[in-house]
Amino acid sequence: MSFSVIACEILDLFRQSHRLPGARMTIAEIDERLGTDPAVAVAIRELINAGYLVAPDASTVKLTARGFDAIHGGNCRLLAG
């Protein structure tokens, strides 16, 4: 599966600071680190649609087991399209 560079950056944020499946990160935290560009919201939706993140509420995303495997299984940048 091919992801955008920003989607890979979001997965990298989880890899750097949240090393467990089910880890949560607020949208505000992602925006703080990557900016409030609309492309960030698109990348979050991309990861949700791929099953790597879920959105338990409007302000939080949670890393799924599939997302956990992805961040520890290799370099996402190689998947970026």
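Hydrogens, waters and symmetry mates play no part in the numbers below; they use all other heavy atoms, side chains included.
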Which pair of non-hydrogen atoms, one from [X] and one from [Y], has the smallest distance, and what is that distance?
{"X": "L53", "Y": "T64", "value": "C-CG2, 3.9 Å"}
{"X": "I71", "Y": "R15", "value": "O-CD, 3.4 Å"}
{"X": "I48", "Y": "A55", "value": "CD1-CB, 3.9 Å"}
{"X": "R66", "Y": "A50", "value": "NH1-O, 2.9 Å"}

- request: Measure the spacing between CD1 of I27 and OG1 of T36 and express it to the nearest 0.5 Å.
  value: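 Result: 12.5 Å between the selected atoms.
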query: Roughly how far apart are I10 CD1 and L47 CG, rounded to 0.5 Å?
result: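 So the CD1 of I10 and the CG of L47 are separated by 5.5 Å.
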- prompt: Any side-chain heavy-atom pair from L13 and L34 closer than 4.5 angstrom?
  reply: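 Of all side-chain heavy-atom pairs linking L34 with L13, at least one is under 4.5 Å.
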Heavy-atom side-chain proximity of N49 to E46 below 4.5 angstrom: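 Counting from C-beta outward, N49 and E46 never come under 4.5 Å.
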Heavy-atom donor-acceptor pair, S4 side chain to A43 backbone, under 3.5 Å: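 No: the side chain of S4 does not pair with the backbone of A43.
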message: Suppose we screen for side chain to side chain contact (heavy atoms under 4.5 Å, CB included). Which residues come up paired with D57, at least two apart in sequence or across chains?
response: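 By the side chain to side chain contact (heavy atoms under 4.5 Å, CB included) rule, D57 matches S59, T60.
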message: Holding to side chain to side chain contact (heavy atoms under 4.5 Å, CB included), I want the full list of residues that pass it with A39, two or more places apart in sequence or in another chain.
response: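 Only I6, D37 meet the side chain to side chain contact (heavy atoms under 4.5 Å, CB included) criterion with A39.
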field: From CA spacing to verdict: side-chain contact (heavy atoms from CB on, under 4.5 Å), V61, V54
entry: CA-CA 6 Å; V61 290; V54 293; over 6 Å; no
message: Does anything in residues 21-36 form a salt bridge (charged side-chain N to carboxylate O under 4.0 Å, His left out)? List the pairs, not counting sequence neighbours.
response: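 Sorted pair list: E29-R33.
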query: Y52 and F14: ring-ring contact (aromatic ring centres under 6.0 Å, His included), yes or no, with the steps?
result: CA-CA 11 Å; Y52 285 42; F14 274 98; over 10 Å; no
